[in-house]
Participant: 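This is the structure I want to talk about, given as structure tokens.
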Protein chains: 2
Amino acid sequence: MKGREFKDAMYEGLAKLMRAIANPARLEIIEMLSQGEKSVEGVVEATSLTVANASQHLQVLKNNNIVKSRKEGHYVFYSLINNEFMGLYQHITKYAVSEIAELEKTLNRQRDDNHALNSVSLDELERMINDKNVLLMDVRPSVEYEFGHITGAISVPMSDLLCCLKDFSKDREIIAYCRGPFCVLADEAVKILSENGYKVRRLDEGYPEWKMRHLHESN
Amino acid sequence: MKGREFKDAMYEGLAKLMRAIANPARLEIIEMLSQGEKSVEGVVEATSLTVANASQHLQVLKNNNIVKSRKEGHYVFYSLINNEFMGLYQHITKYAVSEIAELEKTLNRQRDDNHALNSVSLDELERMINDKNVLLMDVRPSVEYEFGHITGAISVPMSDLLCCLKDFSKDREIIAYCRGPFCVLADEAVKILSENGYKVRRLDEGYPEWKMRHLHESN
DNA sequence: CAATTATTCAAGTGATTTATTGAATAAAGG
DNA sequence: CCTTTATTCAATAAATCACTTGAATAATTG
């Protein structure tokens, strides 16, 4: 193989992988699957995609070795192929949020609207983890909590939040977290809780970021 | 801004960045610019692009905050906007080479053809760096060497290699490096040198990877 | 075994991306 | 000031991508 042919093959292969990621619907699917496996139906519920369209996107991801699938009864469950990819995806989002001014601005406006601008970083969380005056709250759907959650967190899905309000003390600071920086669940939780007089902040990132960091630390 | 709108804005912004990278010509340009700034003409010489086409690709990269430009006389010099992006690009290439089977295969076949399969990693290089029996050889064009090179390397551009052969000792092991894992210069150097009876291996990666690692270590 | 359900397939259309071509700028030199 | 040179702009055609629609599979249930 000549030098030019080799280069063309390598850059085309790399571009193919990038093309698989270069689509908003697929990025959202990737984020969904970072929380754990989901059926096509599960993906559809959480997005604004039609079934056929979601299936097509999932197949693109599968053909590019980003997700894998497993069949069970009627359902086909999709999940991210490995943690290496999750690390890459998180690097991409982190870069985008900190270096692309427009994205940073959109993110901050969203958090501002929900009184969630004063967020907590993972570093800070690690330092607070043994503080008994802090309550760590996972506001994702309970299936996702059950699939994996930050050590010490309690599960309070958004659907239960309003009716459970009285269970929490107003003296204890609440840290809410969800799927990651692009997920709005924690923002909504912060809005509701702070409007009801609770001391609350959101975690900058989400469960997948915590998980990746934990993987690295235990090596 | 509603939750759905916010998500759409974030994922669309992320996808836009990914689209800018999801093209073989632009990936090659990014790799070129990792070696230092280049004019449009400079980019054209190193690729198979026409001038107008290269200019268009450079503008896509510029509009996505990946490269910046500076004007000097007739020329417009382009360079990567910061080291953050270089880190991301290297994460992408590293992931692709180790997780995408087809790319790994193409890379290994290329190295096999050039007797360069037995390559040296950056880790190994660090350990050998003080060994007087090892000669570290930068085979990129001399402009790129002058812009920055691995400490202790000598510059032997491919154009000079054949006529300089007699200057090197056959007892001393040679480590050749170039722009990175996708660059064929070091492979070609290994082929020539080993056919002439030298002990030679190539570095797995290239100058940009060494530079990124060095940045991190000095922090 | 027929009906139901989750998913995939296939075809078609509109939108986006890419490379090419030739003309237009803009800076430098004679 | 005219010519040369490097780069950019604008218009086009070909290729690819994304979403929709409706039908086809394949596993499960009554």
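Chain A is the first sequence line, chain B the second, and so forth, proteins listed ahead of strands; every chain is numbered from 1.
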Participant: So which heavy atom on Ala54(B) is nearest to which on Val40(B), and how close?
Facilitator: CB-CG1, 4.4 Å
Participant: Could you tell me which residues satisfy side-chain hydrogen bond (donor to acceptor under 3.5 Å, both in side chains) with Ser69(A), sequence neighbours excluded, listed by chain and number?
Facilitator: Lys62(A)
Participant: Applying a 3.5 angstrom cut-off to the pairing atoms, does DNA chain D sit in any stems of at least three consecutive Watson-Crick or G-U pairs? List them by first number.
Facilitator: C:1-30 with D:1-30
Participant: In chain order, what residues pass the side chain to side chain contact (heavy atoms under 4.5 Å, CB included) check against Phe77(B), with sequence neighbours excluded?
Facilitator: Glu37(B), Ser39(B), Arg70(B), Glu72(B), Tyr75(B)
Participant: Considering only NZ, NE, NH1 and NH2 on the basic side and carboxylate oxygens on the acidic side, decide whether Lys191(B) and Asp187(B) come within less than 4.0 Å.
Facilitator: no
Participant: Can you list every pair that meets salt bridge (charged side-chain N to carboxylate O under 4.0 Å, His left out) and has a residue in residues 88-105 of chain A, with sequence neighbours left out?
Facilitator: Lys94(A)-Glu205(A)
Participant: Of all the heavy-atom pairs spanning Met86(B) and Ser34(B), show the shortest one and how long it is.
Facilitator: SD-CB, 4.0 Å
Participant: State which residues pass salt bridge (charged side-chain N to carboxylate O under 4.0 Å, His left out) with Arg26(B); sequence neighbours excluded, sorted by chain then number.
Facilitator: none
Participant: Going by ring-ring contact (aromatic ring centres under 6.0 Å, His included), name the residues that satisfy it together with Phe182(B), two or more places apart in sequence or in a different chain.
Facilitator: Tyr11(A)
Participant: Could you tell me whether Arg202(A) and Glu188(A) have a side-chain N and a carboxylate O separated by less than 4.0 Å?
Facilitator: no
Participant: Could you name each residue pair satisfying salt bridge (charged side-chain N to carboxylate O under 4.0 Å, His left out) that touches residues 139-158 of chain B, not counting sequence neighbours?
Facilitator: Lys38(B)-Glu144(B), Asp138(B)-Arg140(B), Glu144(B)-Arg179(B)
Participant: Mapping His74(A) and Val51(A) onto DNA chain C by nearest heavy atom, which one lands closer to the 5' end?
Facilitator: His74(A)
Participant: Give the B/S/- string for nucleotides 9-19 of chain C, one per nucleotide from 5' to 3', where a protein heavy atom under 4.0 Å of the base yields B, of only the sugar-phosphate yields S, and otherwise -.
Facilitator: BBB-----SSS
Participant: For the pair Arg109(A) and Asp113(A), find out whether any cationic side-chain nitrogen is under 4.0 Å from an anionic carboxylate oxygen.
Facilitator: no
Participant: Under 4.0 Å from a heavy atom of chain B: give me the 5'-most and 3'-most nucleotides of DNA chain D that qualify.
Facilitator: dT5(D) to dA11(D)
Participant: Tell me what Phe77(B) touches on the nucleic acid: a base, only sugar-phosphate, or nothing, going by heavy atoms under 4.0 Å.
Facilitator: nothing
Participant: With sequence neighbours excluded, what pairs up with Tyr89(A) under the ring-ring contact (aromatic ring centres under 6.0 Å, His included) test?
Facilitator: none
Participant: According to ring-ring contact (aromatic ring centres under 6.0 Å, His included), who are the partners of Phe168(B), at least two apart in sequence or on a separate chain?
Facilitator: none
Participant: In residues 30-46 of chain A, which ones come under 4.0 Å of DNA chain C, going by heavy atoms?
Facilitator: Ser39(A), Val40(A), Glu41(A)
